[in-house]
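All heavy atoms count here, side chains included; hydrogens, waters and symmetry mates do not. It should be emphasised that the depicted structure is a prediction, and the values quoted were computed from it without experimental measurement. Throughout, protein chains are lettered first and strands after them, A, B, ... in sequence-line order, and every chain is numbered starting at 1.
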Number of protein chains: 2
Amino acid sequence: MASRPSSLGYALLGLLHFAPQSGYDLRKTFLTTPLSVFSDSPGAIYPALRRLARQGWIAAQPGARGGRRRQVFAPTAAGRRAFRDWLGHRPTRDDVARGWGVLMLRLAFMGAVPDAPLRTFLEAIRSELQAHVAELARFEAQRAAEMPLEGRLAFASGLQGYRAQLAWAESALAKARRKEKR
Amino acid sequence: MASRPSSLGYALLGLLHFAPQSGYDLRKTFLTTPLSVFSDSPGAIYPALRRLARQGWIAAQPGARGGRRRQVFAPTAAGRRAFRDWLGHRPTRDDVARGWGVLMLRLAFMGAVPDAPLRTFLEAIRSELQAHVAELARFEAQRAAEMPLEGRLAFASGLQGYRAQLAWAESALAKARRKEKR
DNA sequence: GATCACATGTAAGAAGTTACATGATTCT
DNA sequence: AGAATCATGTAACTTCTTACATGTGATC
């Protein structure tokens, strides 16, 4: 069994859940949407697609191509299972502190699978964020005095960012709960 | 001439501006401070130090070591020049949108060199952030309707994060101006 | 004297970057 | 026919990860 895909791999797998498409299509998505955190370079995408195919998580759809030579990929049953597992596991402290982008990627993709655990996901994020903010605040109380202005400013940027995400998490949870009611 | 160092390389160079120290000391810093975004793995740090030394930006201080075998590095004149250049160049749109961590690293290190261009740095960040937030807001206005709840939430997290940083930039600028007055 | 913390190193492999290469198809 | 675009591929290089290796000085 090969190792886990990188976040680029999961991004590709997730996009293929919305619609089967080719590597070229995926590159265009990375170019024209806020998903542009990912590279659109062919040297990254095509190898990543081959790795997913080798792992049996995606497969090229058989022909019906009178048109250009192109390979349209779709997730396999195993790929859908792996993707749901990835979406489902509880966000950790480390995810929140250093992997925010990946968390938001997972969140965005929850729209592509039925019965995604949206509420528990957001609750875990909130709780880990609270702990993280508390720890940073403790650090600031203890050490801010010895830091130069510039260091304090940089630190404050981080702390304020996490606080903003905490506020976001609260409001996102409220929206998710309202959606569940229906 | 070799290529530019990675951000890990600049992080090491910057820490050596605060105080000459060994690879082991630097690892501990990465372990015990919010600089923990960087890996503390010896497989990353020692090769990075060698690259900086090969480039002539840092040098091991000559002996006076009756104690343990350890190499204490300090920036050279060329290293200090390169570091100031790195701190000085104007933050771009891409820095703000995808390289926030590196920007804050640069900011934190401005406390370690005299006459760092703190105010122009913060002004550039603010202006690029304004443009970025405006573009994201435009994107949201046009495309939010077609996105599922989960996608909208993830997008909102990004937008709110950038807005928080914009507020932070305003207040940081005010503090920097107050400092200049003295 | 054994063990632990200090301090550095290296080897194998994964993943991404840049840059170039190669054909097919559509457009003018 | 020639040019532009579509679509994929590959080669060389860089950096980081994981894991293991090695020796020294301090501590119990």
Side-chain angles (χ1 to χ4, degrees), chain A residues 1-13 15-16 20-32 35-55 57-61 63-73 94 98-99 101-102, chain B residues 1-13 15-16 20-32 35-55 57-61 63-73 94 98-99 101-102:
Chain A
M1 198 35 118
S3 60
R4 306 208 128 67
S6 65
S7 57
L8 171 63
Y10 281 109
L12 295 169
L13 182 59
L15 287 173
L16 293 178
Q21 49 192 312
S22 69
Y24 197 80
D25 296 332
L26 293 161
R27 282 184 65 196
K28 275 189 301 187
T29 300
F30 289 149
L31 264 178
T32 59
L35 274 176
S36 55
V37 262
F38 294 104
S39 155
D40 65 310
S41 97
I45 289 182
Y46 291 109
L49 284 172
R50 270 199 302 271
R51 286 195 294 272
L52 289 171
R54 180 154 37 89
Q55 199 151 16
W57 288 8
I58 66 174
Q61 288 184 338
R65 33 204 267 249
R68 275 204 174 83
R69 154 204 184 223
R70 62 188 240 124
Q71 285 197 290
V72 173
F73 289 96
D94 202 69
R98 311 203 303 207
V102 178
Chain B
M1 196 41 116
S3 61
R4 307 206 127 65
S6 66
S7 58
L8 171 63
Y10 281 109
L12 296 170
L13 182 58
L15 287 173
L16 293 179
Q21 48 191 313
S22 70
Y24 196 81
D25 296 331
L26 293 161
R27 283 184 64 196
K28 275 190 300 188
T29 300
F30 289 150
L31 264 178
T32 59
L35 274 176
S36 55
V37 263
F38 294 103
S39 157
D40 65 310
S41 99
I45 288 182
Y46 291 108
L49 284 173
R50 269 200 303 271
R51 286 194 296 271
L52 288 172
R54 181 154 36 88
Q55 199 151 16
W57 287 9
I58 66 174
Q61 288 186 337
R65 35 208 261 258
R68 275 204 178 84
R69 155 202 182 224
R70 71 191 231 120
Q71 284 198 292
V72 173
F73 289 95
D94 202 69
R98 311 202 303 206
V102 178

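Side-chain atoms of A:R98 come within 3.5 Å of backbone N or O of B:S36 as a donor-acceptor pair.
To the nearest 0.5 Å, atom CG of residue A:L52 and atom CG of residue A:L8 are 8.5 Å apart.
Each of D:dG9, D:dT10, C:dT8 was ranked by its minimum atom distance to the side chain of A:Q71; first place goes to D:dG9. Out of D:dC16, D:dT8, C:dG16, the shortest distance to the side chain of A:Y46 is found at D:dT8.
Residue contacts for A:S39: at a heavy-atom cut-off of 4.0 Å it reaches the sugar-phosphate backbone alone, with no base atom in range. Using a 4.0 Å heavy-atom cutoff across all strands shown, A:G23 reaches sugar-phosphate atoms only and no base atom. Backbone-only engagement by B:S6 is indicated by non-hydrogen atom pairs under 4.0 Å involving sugar-phosphate atoms exclusively.
OP1 or OP2 of C:dA15 lies within a sub-4.0 Å distance of a side-chain N or O belonging to A:R51. The shortest distance between the side-chain N/O atoms of B:S41 and the OP1/OP2 oxygens of D:dT18 is not below 4.0 Å. The shortest distance between the side-chain N/O atoms of A:R4 and the OP1/OP2 oxygens of C:dA15 is not below 4.0 Å. Between B:R50 and C:dT10 there is a side-chain N or O to OP1 or OP2 distance below 4.0 Å.
Going from atom CZ of B:R27 over to atom C1' of D:dT18 covers 13 Å, rounded to whole Å. Here D:dG23 presents its C1' atom at 14 Å from OH of B:Y24, a figure rounded to the nearest Å. A straight line from CZ of A:F38 to P of C:dA15 spans 14 Å, rounded to a whole angstrom.
For the pair B:F30/B:L12, a side-chain contact is recorded, criterion being any heavy-atom separation below 4.5 Å from C-beta on.
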